[in-house]
Amino acid sequence: MMFSHLDRYAGDPILSLNEAFQKDPRADKVNLSIGIYFDDAGRIPVLDSVHRAEARMLAEAGPKPYLPMEGAAATRREVQKLLFGAGHEAVTSGRTVTLQTVGSSGGLKVGADFIRRWLPGSEVWVSDPTWDNHRAMFEGAGVAVHSYPYYDPASGGLAFDAMRQTLAGLPPRSIVLLHACCHNPTGVDLTPAQWQALVPLLRERELLPYLDLAYQGYGDGIAEDAHAVRLLAASGLSFFVANSFSKSMSVYGERAGALSVVCADAAEAALVLGQLQATVRRNYSSPAIHAAGIVAHVLGDPALRASWEADVAGMRTRIQAMRRSLHGVLSARLPGRDFGYFLSQRGMFSYTGLSAAQVDRLREEFGVYLVRSGRICIAGLNTGNVERTAAAIAAVL
């Protein structure tokens, strides 16, 4: 028995919960667990810009060679414009390198492997809480992972002073993983002023930021949600940023993402690019040609870009409307409680403050599915289920 000694995999808690939801026979069940944007009819939207881009790609169909290890040049160029803005010095000077990756998860993993190989003494610090897979990816690469204070359950906001105090005590060259916007799982973001206050601390302590930007456009806007990226680039700091198009282009299964590294100068960037290419070669060898085409066409064509930006604005507006509806019903049913955090938190996710036992009651009694941390995916709400969901939450509080 060659493999009988293996431990049984317990499964990913979110994906396993989604499988349980699919098997639930109740017609009025509500899935607020998985991080997918659904429209008001409860469907994953197909964006017109993506549909038109794919139609062009099909009309232009030709050979499908392997892409370079770093991905398609047009895709990488458009990603840089999206993240840094057209003409940013960090790009024009040649000190920024970008890879097209297998989703932002692929970018995170490539970056983790790079850190383990070339910064072997560095350890990673993630927010408390953070997306579960952050810890798993870095630990899987052999990098030690710790946490810094972030979420304040008393206020439903940011524990910024405690966060700064912890970061101020980290060893030089520590990696600090930061959510650029729309924090997963809490929805609590740093303000522009707080980002500005972090810059001198990061510089003085010689810390290496690693930004995760999975929800660009879902917070305040496409350019606004890149504030942290552009601020750090303008500050002269070196840093990583992994970004995703899964949510913003509604192309989850295409695995469209990127990893960018901002360096001190072009010479250093050339060294980094070479070793990132080597890391990709040892991993998945090269990224997907179809994902590359979608991103390059949508971002590179002015008409498609305008259509995409309008769709992202519509998704953001709908999420905000669901936040207001949820807040309104809960406030009416439980007038003695403050639910203002649903309005101040941003993006797809919010922390409800529900205990694991209360989450279990929601699932078992009402068919409302949340992860046991109490995280709710606001994008799973719609005009047909938000009132019933709010009533169910009120019943278990």
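Counted within 6.0 Å of CZ on R26, heavy atoms from surrounding residues, nucleotides or ligands total more than 12; the atom is thus considered enclosed. At most 12 heavy atoms of other shown residues, nucleotides or ligands fall within 6.0 angstrom of atom CZ in R173. The environment of NE2 in H51 is sparse: at most 12 heavy-atom neighbours from other residues, nucleotides or ligands sit within 6.0 Å. A 6.0 Å sphere centred on CD of E387 holds no more than 12 heavy atoms belonging to other residues, nucleotides or ligands. By the 6.0 Å contact criterion, CD on Q165 is open, its count of non-hydrogen atoms from other residues, nucleotides or ligands being 12 or less.
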All N/O donor-acceptor pairs, side-chain side in residues 283-290, below 3.5 Å, sequence neighbours left out:
from: S285; atom 1: OG; to: R281; atom 2: NH1; distance (Å): 2.4
from: H290; atom 1: NE2; to: E54; atom 2: OE2; distance (Å): 2.7

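When atom types are taken as modelled, the side chain of S307 and the backbone of A303 share no donor-acceptor pair closer than 3.5 angstrom. S33 places no side-chain N or O within 3.5 Å of a backbone atom of L370 that could act as its donor or acceptor partner. Judged by distance alone, the side chain of T75 and the main-chain N or O of A292 form a donor-acceptor pair under 3.5 Å. Remark: the backbone N or O of I222 is paired with a side-chain donor or acceptor of Q216 at under 3.5 angstrom. Panel note: side chain S235, backbone L232; a donor-acceptor pair is recorded below 3.5 Å. The main-chain N or O of F366 is found under 3.5 Å from a side-chain atom of R388 such that the two form a donor-acceptor pair. Listed for the T166 side chain is no donor-acceptor partner under 3.5 Å among the backbone atoms of P149. For the pair Y351 (side chain) and Q345 (backbone), a donor-acceptor distance under 3.5 Å is absent. N133 places no side-chain N or O within donor-acceptor distance of the main-chain N or O of A136, the cut-off being under 3.5 Å. Remark: the backbone N or O of L177 is paired with a side-chain donor or acceptor of Y148 at under 3.5 angstrom.
Separation of atoms CG (L167) and CZ (R205) is listed at 10.0 Å; rounding is to 0.5 Å. For the atom pair CH2 of W195 and CG of L178, the computed distance is 4.5 Å after rounding to the nearest 0.5 Å. Atom CG of D225 is separated from atom CG of D189 by 8.0 Å, given to the nearest 0.5 angstrom. A distance of 11.5 Å separates CD1 in I294 from CG in L304, rounded to the nearest 0.5 Å. Considering CE of M315 and CE of M348, their distance stands at 9.5 Å, rounded to 0.5 Å. Put simply, CG on D161 and CG on D152 are 10.5 Å apart, with the number rounded to the nearest 0.5 Å.
The salt bridge (charged side-chain N to carboxylate O under 4.0 Å, His left out) contacts involving residues 316-342 comprise D40-R318, where partners must be two or more places apart or lie in separate chains.
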Run the side-chain contact (heavy atoms from CB on, under 4.5 Å) check on T352 and F342 step by step: do they pass? CA-CA 8 Å; T352 60; F342 282 120; 4.1 Å; yes
Assess the residue pair R56 and D301 against the criterion (salt bridge (Lys or Arg N to Asp or Glu O under 4.0 Å)); give the C-alpha distance rounded to whole Å, side-chain angles, the decisive distance to 0.1 Å, and a yes or no. CA-CA 11 Å; R56 291 183 188 179; D301 180 277; 2.9 Å; yes
Assess whether salt bridge (Lys or Arg N to Asp or Glu O under 4.0 Å) is satisfied between K23 and E19, documenting all intermediate values. CA-CA 7 Å; K23 296 175 183 176; E19 291 172 4; 5.5 Å; no
Take D113 and K109, measure what salt bridge (Lys or Arg N to Asp or Glu O under 4.0 Å) needs, and give me the verdict at the end. CA-CA 6 Å; D113 288 344; K109 182 59 168 64; 2.8 Å; yes
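For the pair I175/L119, a side-chain contact is recorded, criterion being any heavy-atom separation below 4.5 Å from C-beta on. Side-chain contact check for L170 versus H146: every heavy-atom pair is 4.5 Å or farther apart. Using a 4.5 Å heavy-atom cutoff, the side chains of R76 and E70 are in contact. Inter-residue side-chain proximity for I115 and Y210 is flagged as met; some heavy-atom pair is nearer than 4.5 Å. Side-chain contact between R363 and L17: present, with at least one pair of heavy atoms (C-beta onward) separated by less than 4.5 Å. Proximity of Y252 to S250: side-chain heavy atoms (C-beta onward) are separated by under 4.5 Å at one or more points. Here the side chains of F160 and T191 are not in contact, with every heavy-atom distance at 4.5 Å or above. Proximity of V295 to Q100: side-chain heavy atoms (C-beta onward) are nowhere separated by under 4.5 Å.
Residues S127 and H134 bring no donor and acceptor atom of their side chains to less than 3.5 Å of each other.
Between Y341 and F339, the ring-plane angle classifies as tilted under the 30° and 60° cut-offs.
Annotation for F3: hydrophobic cluster partners, listed by chain and number, are M2, L6 (ILVMFWY side-chain heavy atoms under 4.5 Å, direct or chained).
There is no path of hydrophobic side-chain contacts, each under 4.5 Å, that joins V143 to L207. L82 is connected to L231 through a chain of hydrophobic side-chain contacts under 4.5 Å among Ile, Leu, Val, Met, Phe, Trp and Tyr, so both are in one cluster.
Within the cation-pi definition used here (under 6.0 Å to the ring centroid, within 45° of the axis), K29 qualifies as a partner of F21.
For Y151 and H183, the ring centers are positioned 6.0 Å apart or more.
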